[in-house]
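Everything quoted here is computed from the prediction, not taken from an experiment.
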Amino acid sequence: MAFFDHVVNIYTGYAKYLWGTISDPFRYDNYFYYLIYVSLAVWILELMLPWRKNQSKFRKDFWLDAFWMFFNFFIFNLIIYIALSSVTEEYFGKMMQAIGLPKKGLIDLSGLSLWIQFPIYFILADFVQWSVHVMLHRVPWLWKFHKVHHSVREMGFAAHLRYHFMETFVYKIALYIFMAWVLNFKLEYAFFMHAFTILVGHLNHANVGWDYGPLKYILNNPKMHIWHHAKHMPSTHPYGINFGITLSIWDYLFKTDHIPHSGRDIELGFEGIESYPEGFFELQIKPFKDKE
Ligand SMILES: [Zn+2]
Ligand SMILES: [Zn+2]
């Protein structure tokens, strides 16, 4: 019963939070409007400075991906994020306690100034997500779900948030356990980190030919991420290349970086994409039906 009450409380709190964000566009931690503003800004950038000049303004699957974006980000991501994180906080902590480990905060950074805490959180969170992304490519049953993201045939900013909802579970569980249990991270900080991740992620998928000059060794970028979506992988890296989320440093460090030439016009997808479904509902159920 306690578990049930806890979940009900979280969702009641979440419903209030949701209404608060929709009714107040100027709230500082307003994910909903932030997503709309950033999407419009990056789309305008694509229209003004297109990398593939003959790509349609409303590229293939533009509307489908716009729908994915809200489905994942607004409905699913936040609900799971908030509910899962509070539930995990409560029950994962208790589980750990039961086996004699601390309830949370294995490493305590709270004594440090926020200017030091923040970059540490950010860099470690990015590394956790990079590692999860590598697993999504290497573990066959995870790859079935991640293929949905790789089913983008023509690249544009909204492709960023086309991913199967199972990915949210995998990423958030890994991230939450690490950030909250290991680092005792305060959830209120998450907005700022997430906001930056969304901006860079939108740009990574945008139809703009940018790599930020020397900053490309630190920040993931469109010219690097398009190769992550290449249909054909190099024989040296059959599982994939350029796994970076926000930072590109992990790929350079672990030698998974690969940019052989301009990826502007390369073919995207994976082997067998020709017979992969394209509709929203088919994409949601496809990974559950797929055999190895
Ligand atoms: Zn991937
Ligand atoms: Zn991508």
Side-chain angles (χ1 to χ4, degrees), residues 38-39 41-42 45-46 49-52 116-139 142-143 146-147 149-150 152 155-163 167 170-172 174-175 178-179 183 189-190 192-270:
V38 168
S39 300
V42 177
L45 205 68
E46 281 188 351
L49 305 163
W51 192 19
R52 289 169 295 279
I116 301 172
Q117 276 187 52
F118 245 81
I120 297 178
Y121 285 140
F122 185 81
I123 292 167
L124 292 178
D126 192 73
F127 180 63
V128 170
Q129 292 178 92
W130 179 86
S131 313
V132 170
H133 191 187
V134 173
M135 297 304 284
L136 290 174
H137 280 257
R138 296 202 71 128
V139 178
L142 289 175
W143 170 239
H146 188 52
K147 263 171 128 172
H149 180 65
H150 285 265
V152 173
M155 196 61 92
F157 75 92
H160 176 205
L161 298 178
R162 177 199 292 202
Y163 52 78
E167 280 199 29
V170 178
Y171 271 109
K172 296 306 181 202
L175 194 62
F178 185 77
M179 296 306 278
L183 293 181
Y189 300 161
F192 299 103
M193 301 205 326
H194 200 55
F196 186 60
T197 305
I198 290 290
L199 172 66
V200 176
H202 265 39
L203 287 167
N204 289 340
H205 294 86
N207 181 19
V208 287
W210 287 0
D211 62 7
Y212 317 128
L215 280 179
K216 67 182 172 201
Y217 297 109
I218 298 172
L219 269 188
N220 196 5
N221 53 75
K223 282 184 158 174
M224 184 171 195
H225 192 68
I226 199 153
W227 282 101
H228 178 68
H229 283 264
K231 182 173 179 183
H232 304 289
M233 286 298 135
S235 55
T236 47
H237 297 77
Y239 291 103
I241 46 173
N242 305 352
F243 296 100
I245 308 291
T246 305
L247 301 176
S248 57
I249 41 176
W250 314 116
D251 287 307
Y252 288 107
L253 263 172
F254 296 102
K255 305 268 181 290
T256 46
D257 64 295
H258 187 73
I259 307 174
H261 55 82
S262 164
R264 191 184 69 180
D265 300 310
I266 55 171
E267 207 181 337
L268 308 179
F270 44 79

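- Between the side chain of N220 and the backbone N or O of S248, no donor-acceptor pair lies under 3.5 Å.
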Which atom pairs, one a donor and one an acceptor, fall under 3.5 Å between side chains of residues 209-218 and the rest of the protein, sequence neighbours left out?
{"residue": "D211", "atom": "OD1", "partner": "G213", "partner atom": "N", "Å": "3.1"}

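- Remark: A41 engages no residue in a side-chain contact (heavy atoms from CB on, under 4.5 Å) (not counting sequence neighbours).
- Listed by chain and number, the residues in a side-chain hydrogen bond (donor to acceptor under 3.5 Å, both in side chains) with D251 are W130, T256 (sequence neighbours excluded).
- Pairing each heavy atom of L203 with each of V208, the nearest pair is O-CG2, 4.4 Å.
- For H232, the side-chain hydrogen bond (donor to acceptor under 3.5 Å, both in side chains) partners are E271, not counting sequence neighbours.
- Residues forming a side-chain hydrogen bond (donor to acceptor under 3.5 Å, both in side chains) with H137 (at least two apart in sequence, or on another chain): H133, H146, H150, H228.
- For the side-chain contact (heavy atoms from CB on, under 4.5 Å) test, residues two or more places apart in sequence or in another chain that qualify with H160 are I198, H202, H205.
- For Y239, there are no ring-ring contact (aromatic ring centres under 6.0 Å, His included) partners two or more places apart in sequence or in a different chain.
- Among residue pairs with one or both ends in residues 228-244, those qualifying as salt bridge (charged side-chain N to carboxylate O under 4.0 Å, His left out) are K231-E267, K231-E274; sequence neighbours excluded.
- Between I259 and K223 there is no side-chain heavy-atom pair separated by less than 4.5 Å.
- Evaluation of the side-chain contact (heavy atoms from CB on, under 4.5 Å) rule for N207 yields E46, P50, W51, R52, Q55 as partners, not counting sequence neighbours.
- Using modelled atom types, one side-chain atom of T197 and one backbone atom of M193 make a donor-acceptor pair closer than 3.5 Å.
- Residues I266 and H261 form a side-chain contact, since some pair of their non-hydrogen atoms from C-beta on lies under 4.5 Å apart.
- Around atom CE of M233, more than 12 heavy atoms belonging to other residues, nucleotides or ligands sit under 6.0 Å away.
- Note on residues 117-126: pairs passing side chain to side chain donor-acceptor pair (under 3.5 Å), not counting sequence neighbours, are Q117-Y121, D126-W250.
- Counting only heavy atoms from C-beta outward, the side chains of N242 and H258 approach each other to under 4.5 Å.
- In this structure, the ring-ring contact (aromatic ring centres under 6.0 Å, His included) partners of F122, at least two apart in sequence or on a different chain, are F196.
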